[in-house]
There are 2 protein chains.
Amino acid sequence: MLNPTQFCRCLGDDIRMALVCLLREHGEVCVCELTAALAAPQPTVSRHLAQLRECGLVIARREGTWMHYRLHPELPVWAKESIDTLAATAATHLDLQPLAKAC
Amino acid sequence: MLNPTQFCRCLGDDIRMALVCLLREHGEVCVCELTAALAAPQPTVSRHLAQLRECGLVIARREGTWMHYRLHPELPVWAKESIDTLAATAATHLDLQPLAKAC
DNA sequence: ATATAATATTCGGAAATCCGAATATAGTGT
DNA sequence: ACACTATATTCGGATTTCCGAATATTATAT
(Lines give C-alpha, C1' and ligand atoms only; values in the text may rest on other atoms or scores of the structure.)
Protein backbone atom coordinates (compact mmCIF):
# COMPACT_ATOMS: atom_id res chain seq x y z
CA MET A 1 0.00 0.00 0.00
CA LEU A 2 1.05 3.59 -0.42
CA ASN A 3 2.92 5.61 2.16
CA PRO A 4 2.26 9.22 3.16
CA THR A 5 4.89 10.63 0.80
CA GLN A 6 3.41 8.86 -2.21
CA PHE A 7 -0.04 9.89 -1.05
CA CYS A 8 1.00 13.54 -1.03
CA ARG A 9 2.70 13.27 -4.39
CA CYS A 10 -0.54 11.83 -5.71
CA LEU A 11 -2.61 14.74 -4.39
CA GLY A 12 -0.01 17.33 -5.38
CA ASP A 13 -1.72 18.26 -8.62
CA ASP A 14 -4.74 20.50 -9.03
CA ILE A 15 -6.60 18.15 -11.33
CA ARG A 16 -6.16 15.11 -9.11
CA MET A 17 -7.03 17.15 -6.03
CA ALA A 18 -10.18 18.37 -7.75
CA LEU A 19 -11.13 14.83 -8.73
CA VAL A 20 -10.75 13.67 -5.16
CA CYS A 21 -12.85 16.63 -3.99
CA LEU A 22 -15.64 15.71 -6.36
CA LEU A 23 -15.60 12.03 -5.49
CA ARG A 24 -15.55 12.81 -1.80
CA GLU A 25 -18.57 15.10 -2.10
CA HIS A 26 -20.65 13.06 -4.50
CA GLY A 27 -19.73 9.44 -3.90
CA GLU A 28 -19.74 7.59 -7.19
CA VAL A 29 -19.39 9.79 -10.27
CA CYS A 30 -19.25 9.11 -14.00
CA VAL A 31 -16.15 10.13 -15.96
CA CYS A 32 -18.16 12.38 -18.23
CA GLU A 33 -19.40 14.37 -15.23
CA LEU A 34 -15.88 14.68 -13.86
CA THR A 35 -14.61 15.85 -17.22
CA ALA A 36 -17.35 18.45 -17.45
CA ALA A 37 -16.88 19.67 -13.88
CA LEU A 38 -13.18 20.20 -14.45
CA ALA A 39 -13.54 21.69 -17.91
CA ALA A 40 -10.44 19.71 -18.87
CA PRO A 41 -9.74 17.54 -21.92
CA GLN A 42 -10.96 13.97 -21.60
CA PRO A 43 -7.56 12.29 -22.03
CA THR A 44 -6.14 14.47 -19.30
CA VAL A 45 -8.86 13.50 -16.86
CA SER A 46 -8.50 9.87 -17.82
CA ARG A 47 -4.76 9.91 -17.25
CA HIS A 48 -5.15 11.47 -13.82
CA LEU A 49 -7.87 9.02 -12.86
CA ALA A 50 -5.54 6.19 -13.86
CA GLN A 51 -2.90 7.61 -11.59
CA LEU A 52 -5.32 7.82 -8.67
CA ARG A 53 -6.29 4.22 -9.38
CA GLU A 54 -2.69 3.02 -9.43
CA CYS A 55 -2.10 4.76 -6.11
CA GLY A 56 -5.12 2.95 -4.69
CA LEU A 57 -7.02 6.12 -3.85
CA VAL A 58 -9.99 5.39 -6.12
CA ILE A 59 -11.67 2.43 -7.76
CA ALA A 60 -13.62 2.20 -11.00
CA ARG A 61 -16.80 0.35 -11.89
CA ARG A 62 -17.85 -0.20 -15.46
CA GLU A 63 -21.49 0.11 -16.50
CA GLY A 64 -21.81 -0.35 -20.22
CA THR A 65 -19.66 2.26 -21.87
CA TRP A 66 -19.63 4.38 -18.75
CA MET A 67 -17.07 4.25 -16.02
CA HIS A 68 -17.94 5.29 -12.50
CA TYR A 69 -15.27 6.25 -10.05
CA ARG A 70 -15.36 6.59 -6.29
CA LEU A 71 -12.90 6.84 -3.44
CA HIS A 72 -11.47 3.47 -2.51
CA PRO A 73 -13.80 2.07 0.16
CA GLU A 74 -10.97 0.54 2.19
CA LEU A 75 -8.55 3.38 2.57
CA PRO A 76 -6.42 3.35 5.70
CA VAL A 77 -7.73 5.68 8.37
CA TRP A 78 -4.88 8.17 7.99
CA ALA A 79 -5.57 8.48 4.27
CA LYS A 80 -9.29 8.93 4.77
CA GLU A 81 -8.72 11.59 7.42
CA SER A 82 -6.19 13.41 5.29
CA ILE A 83 -8.48 13.39 2.30
CA ASP A 84 -11.29 14.78 4.41
CA THR A 85 -9.18 17.63 5.70
CA LEU A 86 -7.38 18.48 2.47
CA ALA A 87 -10.24 18.05 0.04
CA ALA A 88 -12.66 20.02 2.15
CA THR A 89 -10.21 22.92 2.12
CA ALA A 90 -9.32 22.50 -1.53
CA ALA A 91 -12.95 22.61 -2.55
CA THR A 92 -13.01 26.27 -1.60
CA HIS A 93 -9.80 27.02 -3.53
CA LEU A 94 -10.57 25.27 -6.80
CA ASP A 95 -13.42 26.36 -8.98
CA LEU A 96 -15.43 23.31 -9.87
CA GLN A 97 -18.46 23.42 -12.11
CA PRO A 98 -21.54 21.78 -10.57
CA LEU A 99 -21.96 18.16 -11.63
CA ALA A 100 -24.02 17.53 -14.74
CA LYS A 101 -24.40 14.48 -16.93
CA ALA A 102 -22.64 15.25 -20.20
CA CYS A 103 -23.18 11.92 -21.95
CA MET B 1 -0.74 31.42 1.79
CA LEU B 2 -0.41 27.97 0.33
CA ASN B 3 -3.31 25.84 -0.83
CA PRO B 4 -3.79 22.10 -0.24
CA THR B 5 -2.28 21.13 -3.60
CA GLN B 6 0.90 23.08 -2.95
CA PHE B 7 0.96 21.70 0.57
CA CYS B 8 0.87 18.14 -0.78
CA ARG B 9 3.51 18.86 -3.37
CA CYS B 10 5.68 20.18 -0.59
CA LEU B 11 5.28 17.01 1.48
CA GLY B 12 5.59 14.74 -1.53
CA ASP B 13 9.24 14.01 -0.99
CA ASP B 14 10.77 11.61 1.52
CA ILE B 15 13.35 14.04 2.80
CA ARG B 16 10.88 16.87 3.36
CA MET B 17 8.38 14.48 4.94
CA ALA B 18 11.10 13.20 7.27
CA LEU B 19 12.08 16.75 8.21
CA VAL B 20 8.49 17.58 9.08
CA CYS B 21 8.26 14.37 11.12
CA LEU B 22 11.33 15.31 13.14
CA LEU B 23 10.20 18.89 13.73
CA ARG B 24 6.77 17.73 14.75
CA GLU B 25 8.16 15.27 17.27
CA HIS B 26 10.94 17.39 18.69
CA GLY B 27 9.82 20.98 18.40
CA GLU B 28 12.80 23.15 17.55
CA VAL B 29 15.77 21.30 16.07
CA CYS B 30 19.20 22.35 14.86
CA VAL B 31 20.14 21.75 11.22
CA CYS B 32 23.09 19.60 12.21
CA GLU B 33 20.79 17.26 14.08
CA LEU B 34 18.41 17.07 11.16
CA THR B 35 21.27 16.32 8.80
CA ALA B 36 22.54 13.57 11.07
CA ALA B 37 19.10 12.04 11.59
CA LEU B 38 18.52 11.84 7.86
CA ALA B 39 22.00 10.68 6.98
CA ALA B 40 21.78 12.97 3.96
CA PRO B 41 24.31 15.49 2.58
CA GLN B 42 24.14 18.91 4.20
CA PRO B 43 23.36 20.89 1.03
CA THR B 44 20.50 18.53 0.29
CA VAL B 45 18.96 19.04 3.71
CA SER B 46 19.49 22.78 3.45
CA ARG B 47 17.78 22.97 0.08
CA HIS B 48 14.77 21.03 1.33
CA LEU B 49 14.53 23.17 4.44
CA ALA B 50 14.55 26.25 2.21
CA GLN B 51 11.68 24.80 0.26
CA LEU B 52 9.69 24.12 3.43
CA ARG B 53 10.41 27.69 4.49
CA GLU B 54 9.26 29.15 1.18
CA CYS B 55 6.05 27.13 1.47
CA GLY B 56 5.51 28.56 4.94
CA LEU B 57 5.55 25.20 6.69
CA VAL B 58 8.56 25.94 8.89
CA ILE B 59 10.43 28.92 10.27
CA ALA B 60 14.09 29.32 11.15
CA ARG B 61 15.81 31.01 14.07
CA ARG B 62 19.48 31.85 14.05
CA GLU B 63 21.59 31.36 17.14
CA GLY B 64 25.20 32.15 16.39
CA THR B 65 26.27 29.90 13.56
CA TRP B 66 23.47 27.51 14.24
CA MET B 67 20.07 27.54 12.67
CA HIS B 68 17.09 26.09 14.47
CA TYR B 69 14.00 25.09 12.60
CA ARG B 70 10.50 24.36 13.78
CA LEU B 71 7.06 24.02 12.32
CA HIS B 72 5.47 27.38 11.58
CA PRO B 73 3.57 28.33 14.74
CA GLU B 74 0.65 29.85 12.85
CA LEU B 75 -0.25 27.16 10.38
CA PRO B 76 -3.88 27.04 9.32
CA VAL B 77 -5.83 24.37 11.14
CA TRP B 78 -6.21 22.16 8.10
CA ALA B 79 -2.43 22.16 7.59
CA LYS B 80 -1.70 21.40 11.20
CA GLU B 81 -4.20 18.54 11.21
CA SER B 82 -2.86 17.12 7.99
CA ILE B 83 0.70 17.26 9.24
CA ASP B 84 -0.32 15.48 12.41
CA THR B 85 -2.00 12.67 10.53
CA LEU B 86 0.55 12.29 7.75
CA ALA B 87 3.72 12.74 9.74
CA ALA B 88 2.63 10.39 12.50
CA THR B 89 2.10 7.70 9.88
CA ALA B 90 5.24 8.55 7.95
CA ALA B 91 7.36 8.27 11.06
CA THR B 92 6.73 4.54 11.06
CA HIS B 93 7.58 4.22 7.36
CA LEU B 94 10.81 6.22 7.25
CA ASP B 95 13.86 5.13 9.17
CA LEU B 96 15.11 8.11 11.08
CA GLN B 97 18.19 8.00 13.26
CA PRO B 98 17.59 9.25 16.80
CA LEU B 99 18.47 12.91 17.24
CA ALA B 100 22.02 13.69 18.31
CA LYS B 101 23.99 16.90 18.30
CA ALA B 102 26.59 16.59 15.56
CA CYS B 103 28.13 20.05 15.86
C1' DA C 1 42.78 40.16 9.60
C1' DT C 2 42.54 35.32 9.30
C1' DA C 3 40.92 30.82 10.12
C1' DT C 4 37.26 27.85 11.04
C1' DA C 5 32.52 26.09 11.63
C1' DA C 6 27.73 25.88 10.28
C1' DT C 7 24.66 26.68 6.84
C1' DA C 8 23.04 28.41 2.28
C1' DT C 9 23.20 29.02 -2.63
C1' DT C 10 24.50 28.26 -7.44
C1' DC C 11 25.27 25.53 -11.40
C1' DG C 12 25.03 21.89 -14.51
C1' DG C 13 22.72 17.66 -15.76
C1' DA C 14 19.61 13.43 -15.03
C1' DA C 15 15.19 11.93 -14.11
C1' DA C 16 10.39 12.56 -13.33
C1' DT C 17 6.05 14.95 -14.42
C1' DC C 18 2.62 16.86 -17.28
C1' DC C 19 0.35 18.02 -21.51
C1' DG C 20 -1.73 17.92 -26.34
C1' DA C 21 -2.51 15.26 -30.28
C1' DA C 22 -3.36 11.11 -32.11
C1' DT C 23 -4.76 6.49 -31.67
C1' DA C 24 -6.59 2.35 -29.38
C1' DT C 25 -10.03 -0.24 -26.78
C1' DA C 26 -14.50 -1.73 -25.01
C1' DG C 27 -19.22 -1.69 -25.20
C1' DT C 28 -23.78 -0.68 -27.53
C1' DG C 29 -26.99 -0.40 -31.22
C1' DT C 30 -28.32 -1.34 -36.15
C1' DA D 1 -20.13 -6.60 -39.74
C1' DC D 2 -20.28 -1.60 -39.12
C1' DA D 3 -20.91 2.73 -36.93
C1' DC D 4 -20.87 5.25 -32.82
C1' DT D 5 -20.00 6.53 -27.94
C1' DA D 6 -17.29 6.65 -23.81
C1' DT D 7 -13.01 6.00 -22.02
C1' DA D 8 -8.07 4.63 -22.08
C1' DT D 9 -3.41 4.58 -23.77
C1' DT D 10 0.64 5.95 -26.41
C1' DC D 11 3.96 9.11 -28.09
C1' DG D 12 6.82 13.11 -28.40
C1' DG D 13 8.21 17.24 -26.24
C1' DA D 14 8.25 21.07 -22.73
C1' DT D 15 8.68 21.95 -18.02
C1' DT D 16 9.71 20.89 -13.37
C1' DT D 17 12.06 18.48 -9.76
C1' DC D 18 15.99 16.62 -7.66
C1' DC D 19 20.79 15.78 -6.90
C1' DG D 20 26.01 16.18 -6.40
C1' DA D 21 29.80 19.16 -6.60
C1' DA D 22 31.54 23.38 -5.91
C1' DT D 23 31.26 27.79 -3.94
C1' DA D 24 29.34 31.55 -1.12
C1' DT D 25 27.73 33.48 3.20
C1' DT D 26 27.38 34.38 8.13
C1' DA D 27 29.06 34.24 12.54
C1' DT D 28 32.66 33.03 15.96
C1' DA D 29 37.26 32.68 17.76
C1' DT D 30 42.21 33.77 17.69
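Throughout, protein chains are lettered first and strands after them, A, B, ... in sequence-line order, and every chain is numbered starting at 1. Reckoned from all heavy atoms, side chains included, excluding hydrogens, waters and symmetry mates.
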Once you apply a heavy-atom cut-off of 4.0 Å, does A/Arg62 come out as touching a base, just sugar-phosphate, or nothing?
sugar-phosphate
Has A/Arg16 got a side-chain N or O lying under 4.0 Å from the OP1 or OP2 atom of C/dC18?
yes
Just how far, in rounded Å, is P of D/dT7 from CG of A/Leu49?
10 Å
Give one of base, sugar-phosphate or nothing for B/Glu33, where a contact means two heavy atoms less than 4.0 Å apart.
nothing
Please report, rounded to the nearest Å, how far the C1' atom of D/dC18 is from the CD1 atom of B/Ile15.
9 Å
Rounded to the Å, how far apart are A/Met17 CE and C/dT17 P?
17 Å
Whole angstrom is fine here: how far is it from CG in A/Asp13 over to P in C/dA16?
18 Å
CH2 (B/Trp78) with more than 12 external heavy atoms under 6.0 Å
yes
Could you check A/Arg53, A/Arg47, A/His48 and say which one makes a side-chain contact (heavy atoms from CB on, under 4.5 Å) with A/Gln51?
A/His48
At what distance, to the nearest 0.5 angstrom, does CG of A/Leu52 lie from CE of A/Met17?
10.5 Å
Does A/Tyr69 make a side-chain N or O approach to OP1 or OP2 of D/dA6 shorter than 4.0 Å?
no
Can you measure A/Glu63 atom CD to C/dG27 atom P for me and round it to whole angstrom units?
13 Å
Would you give the length of the straight line joining atom CG of B/Leu22 to atom CG of B/Leu96, rounded to the nearest 0.5 angstrom?
5.0 Å
With respect to the phosphate group of C/dA8, does any side-chain polar atom (N or O) of B/Ser46 fall under 4.0 Å of OP1 or OP2?
yes
Counting only side-chain N and O atoms of A/Thr44, is one of them less than 4.0 Å from OP1 or OP2 of C/dG20?
yes
How is B/Pro43 classified with respect to the nucleic acid when contacts are heavy atoms under 4.0 Å: base, sugar-phosphate, or nothing?
base
B/Leu52 CG to D/dC18 P, in whole Å, measures 11 Å
OP1, OP2 of C/dA5 versus side-chain N and O of B/Gln42: anything below 4.0 Å?
no
Whole angstrom is fine here: how far is it from NE2 in B/His68 over to C1' in C/dA8?
16 Å
Please compare A/Trp66 and A/Glu54 by the position of their nearest nucleotide in DNA chain D and report the one closer to 5'.
A/Trp66
Check whether any side-chain nitrogen or oxygen of B/Arg9 sits under 4.0 Å from OP1 or OP2 of D/dT17, and answer yes or no.
yes
Could you state the atom-to-atom distance from CZ of A/Arg47 to P of D/dT9 in whole Å?
11 Å
Is it the case that the side chain of B/Arg70 and the backbone of B/Glu28 share a donor-acceptor pair, with hydrogens and angles ignored and the cut-off at 3.5 Å?
no
Could you tell me whether the phosphate oxygens of C/dC19, OP1 or OP2, come under 4.0 Å of any side-chain nitrogen or oxygen in A/His48?
yes
Measuring to OP1 and OP2 of D/dC18, would you say a side-chain N or O of B/Gln51 lies under 4.0 angstrom away?
yes
